[in-house]
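Positions are given from 1 along the sequence.
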Amino acid sequence: MPNIVPFPSTPAAPSRGARRSLAFLASAVLLVAVAVIAVVMAGDEAPAPVPVQRADAVSDLLGWIPATDEYRRAFAVWSEDPGAAGGTLAAITAADPLFDRLALTPVPFTLGRSNDWPGRFGYRARDVTSWATAGRNSSIAVLGGDFDHAAIGRKLDSSGYRQSTHRGVSVYVLHDVATPSRTVDGDAESAANAVALFADRVITAVSAATVRDAIDAAHGRLPSLADEPAVGEIVRTLAPISGLVAVDAADHAIDCGVGGQWRRSDLDQPSGRYVVVGFGRLGEGGQRRTLVATSFANAPAADRALDAFTAGWESGAVNVAGAGADIAIYGQVSAVSQTGNLLVAELVEGREDGWARAGIRFAIPVCEAVVTALPPGTPVPPTETPADGVRESPAGT
């Protein structure tokens, strides 16, 4: 008998009920896929979480500044003054002449002090009552005050800014790479190339990446300057303060003119030590005082330097543009003390509404103390550039 290979039978068409089941299954798979995509994108589309709240105004503002090497080397903070009567908060807006008299540095280039600023950005200096900035060129600023975010957003839209979101926060960017602009009355439009509107604050920066990092720092997703142990210790020691100016101790030695052959460009990382001028009061609501803190490598080093540091403040000289000046033109030295690795001089009756100008950090005892923050030895210059244009550093440097 011949082998007979049966022809495959044609499968029966699915019933109407089966077709409905398959369609339902396909829809369910599609919904799951959409849900997965939504979860992945939730970081940008979900409502913005509440920023981390710090214990005091100065720490709270520093909590929005990412802890990068650039920002560790120079930063400044200004917040509302507790006031002399019962600790009542008194706003000193960015329009107040006291800012210029105190000679704070770094200071934001986005305070809105120029005439054209409100028409382009939707706020002005009188709206800004607190701020934090960092970097020698103030490449990031966090502004607090009485802002109309809707009005700011409309101004930015009309100025050609592109809007997006990061962690649910509105971010506006004008150029992928900031176009340099001139500074007018302390304002530079390029410093607001990227803007974010978050909680009751406005973040400005040269780049969108910097603004996003500030948002992440405020959320606690990135370490901030407030998380730096050295910075936190200084703020606690000087409290209560409403503002401060801080500079890396090694950089300050160069600024003082005692750095020898060292230049800022030779220092590729911060020393971890600081010179800080704090603006505060003698207790809650008390007399205004200015505090000058100088940090050392450790407490024993500070203890060894205490006598010379105290004597320097008693003799009273400040290095101003290479010439000596009497500390008395800034205020009256009332005390010198040590707390851990910090030596602190206190001045009262400052010449600027009770505070001393930030230039008090150039007092001779401070400049003498920060020499030890410089690296040992002398900087090694790079070799000459060869014909092929490739520059090499000497071996072992």
Considering only NZ, NE, NH1 and NH2 on the basic side and carboxylate oxygens on the acidic side, decide whether Asp227 and Arg54 come within less than 4.0 Å. yes
Assigning hydrophobic clusters by single linkage (Ile, Leu, Val, Met, Phe, Trp, Tyr; side-chain heavy-atom cutoff under 4.5 Å), is Val184 placed with Phe109? no
Carboxylate-amine/guanidinium contact Arg162 Asp176, below 4.0 Å: yes
Roughly how far, to the nearest 0.5 Å, is the CD1 atom of Ile203 from the CD1 atom of Ile65? 8.5 Å
Give the ring-plane orientation class for Phe362 versus His252, where under 30° counts as parallel, over 60° as perpendicular and anything between as tilted. tilted
Keeping Thr339 on the side-chain end and Leu342 on the backbone end, is there a donor-acceptor pair under 3.5 Å? no
In this structure, CZ of Arg72 is separated from CG of Asp248 (nearest 0.5 Å) by 11.0 Å
Please work out which of the three classes, parallel, tilted or perpendicular, describes the rings of Phe309 and Trp313, given edges at 30° and 60°. perpendicular
Kindly work out whether a path of hydrophobic side-chain contacts (I/L/V/M/F/W/Y, heavy atoms less than 4.5 Å apart) joins Phe279 to Leu98. yes
Nearest heavy atoms of Pro106 and Ser138, plus distance in Å: CB-OG, 3.4 Å
Going by atom types alone, do Ser295 and Asn341 pair a side-chain donor with an acceptor below 3.5 Å? no
For Ser59 and Ala226 the tightest heavy-atom approach is O-CB, 3.5 Å
Side chain Gln338, main chain Ala299, donor-acceptor under 3.5 Å: yes
So does Asp146 pair up with Arg126, basic N to acidic O under 4.0 Å? no
Linked, directly or transitively: Ile92 and Phe147 (ILVMFWY side chains, under 4.5 Å): yes
Is Val169 linked to Ile140 within one hydrophobic cluster, defined over Ile, Leu, Val, Met, Phe, Trp and Tyr using a side-chain heavy-atom separation of less than 4.5 Å? yes
4.5 Å side-chain heavy-atom contact, Arg167 and Asp216: yes
Ring centroids only, cut at 6.0 angstrom: are Phe75 and Tyr274 within range, meaning strictly under it? yes
Nearest 0.5 Å, please: how far is OG1 in Thr179 from CG in Asn193? 7.0 Å
Val245 and Ala358 have their tightest heavy-atom pair at CG2-CB, 4.4 Å
Using modelled atom types and a 3.5 Å cut-off, is there a donor and acceptor pairing between side-chain atoms of Asp100 and backbone atoms of Pro97? no
Any side-chain donor-acceptor pair under 3.5 Å between Ser114 and Asp187? yes
Would you say Ser190's side chain and Pro180's backbone share a donor-acceptor pair under 3.5 angstrom? no
Ignoring hydrogens and angles, tell me if any N or O in the side chain of Thr204 forms a donor-acceptor pair with the backbone of Val195 under 3.5 Å. no
Side chain to side chain contact (heavy atoms under 4.5 Å, CB included) between Tyr172 and Asp157, intermediate numbers included: CA-CA 8 Å; Tyr172 298 81; Asp157 285 336; 3.6 Å; yes
Can any side-chain N or O of Glu233 pair as donor or acceptor with the backbone N or O of Val235 at less than 3.5 Å? no
Exercise: identify the closest heavy-atom pair between Lys155 and Pro118: CE-O, 4.0 Å
Report yes or no: do Ser130 and Ser79 form a side-chain donor-acceptor pair below 3.5 Å? no
Are any of the side-chain heavy atoms of Leu244 and Val277 separated by less than 4.5 Å? no
Within the distance-only criterion (no hydrogens, no angle test), does the side chain of Thr165 pair as donor or acceptor with the backbone N or O of Gly168 below 3.5 angstrom? no
Lys/Arg N to Asp/Glu carboxylate O, Asp96 vs Arg113, below 4.0 Å: no
Salt bridge check: are Asp251 and Arg264 linked by an N-O gap of less than 4.0 Å? yes
So, Asp81 and Arg288, do they make that salt bridge, N to O below 4.0 Å? yes
Side-chain contact, heavy-atom cut-off 4.5 Å: Trp117 with Arg124? no
Residues Glu349, Gln287; criterion side chain to side chain contact (heavy atoms under 4.5 Å, CB included); working and verdict: CA-CA 9 Å; Glu349 300 180 9; Gln287 178 186 10; 3.9 Å; yes
To the nearest 0.5 Å, how far apart are CG in Asp56 and CG in Leu61? 9.0 Å
Is it the case that atom CG in Asn298 sees more than 12 heavy atoms from other parts of the structure closer than 6.0 Å? yes
If every non-hydrogen atom of Gly312 is compared with every non-hydrogen atom of Pro365, which pair is closest and at what distance? C-CG, 3.7 Å
For residues Phe198 and Pro51, report the shortest heavy-atom separation together with the two atoms involved. CZ-CD, 3.7 Å
What about Val247 and Trp355, same hydrophobic cluster or not, with Ile/Leu/Val/Met/Phe/Trp/Tyr joined at side-chain heavy-atom distances under 4.5 Å? yes
Just how far is it from atom CZ of Arg361 to atom OG1 of Thr290, taken to the nearest 0.5 Å? 13.0 Å
Using side chain to side chain contact (heavy atoms under 4.5 Å, CB included), reason through Ser242 and Val58 one step at a time and then give a plain yes or no. CA-CA 6 Å; Ser242 54; Val58 170; 5.6 Å; no
Side-chain contact test, heavy atoms from C-beta onward, threshold under 4.5 Å: evaluate it for Trp131 versus Leu104 and give yes or no. yes
Is the closest side-chain heavy-atom distance between Val275 and Val370 below 4.5 Å? yes
Tell me yes or no: between the side chains of Glu70 and Ser139, is some donor less than 3.5 Å from an acceptor? yes
For Val171, all residues meeting side-chain contact (heavy atoms from CB on, under 4.5 Å), sequence neighbours excluded: Ser164, His166, Val173, Ala196, Val211, Ile215
To the nearest 0.5 Å, what is the distance between CD1 on Ile241 and CZ on Arg236? 12.0 Å
Would you please test Ser334 and Arg289 for side chain to side chain contact (heavy atoms under 4.5 Å, CB included) and show each step? CA-CA 9 Å; Ser334 57; Arg289 65 173 179 170; over 6 Å; no
4.5 Å side-chain heavy-atom contact, Asp326 and Val318: no
Sequence neighbours left out, what passes side chain to side chain donor-acceptor pair (under 3.5 Å) with Thr372? Give chain and number order. Arg273
Mind checking whether Val52 and Arg221 have side chains closer than 4.5 Å, heavy atoms only? no
Considering only heavy atoms from C-beta outward, does the side chain of Ile327 approach that of Leu347 to under 4.5 Å? yes
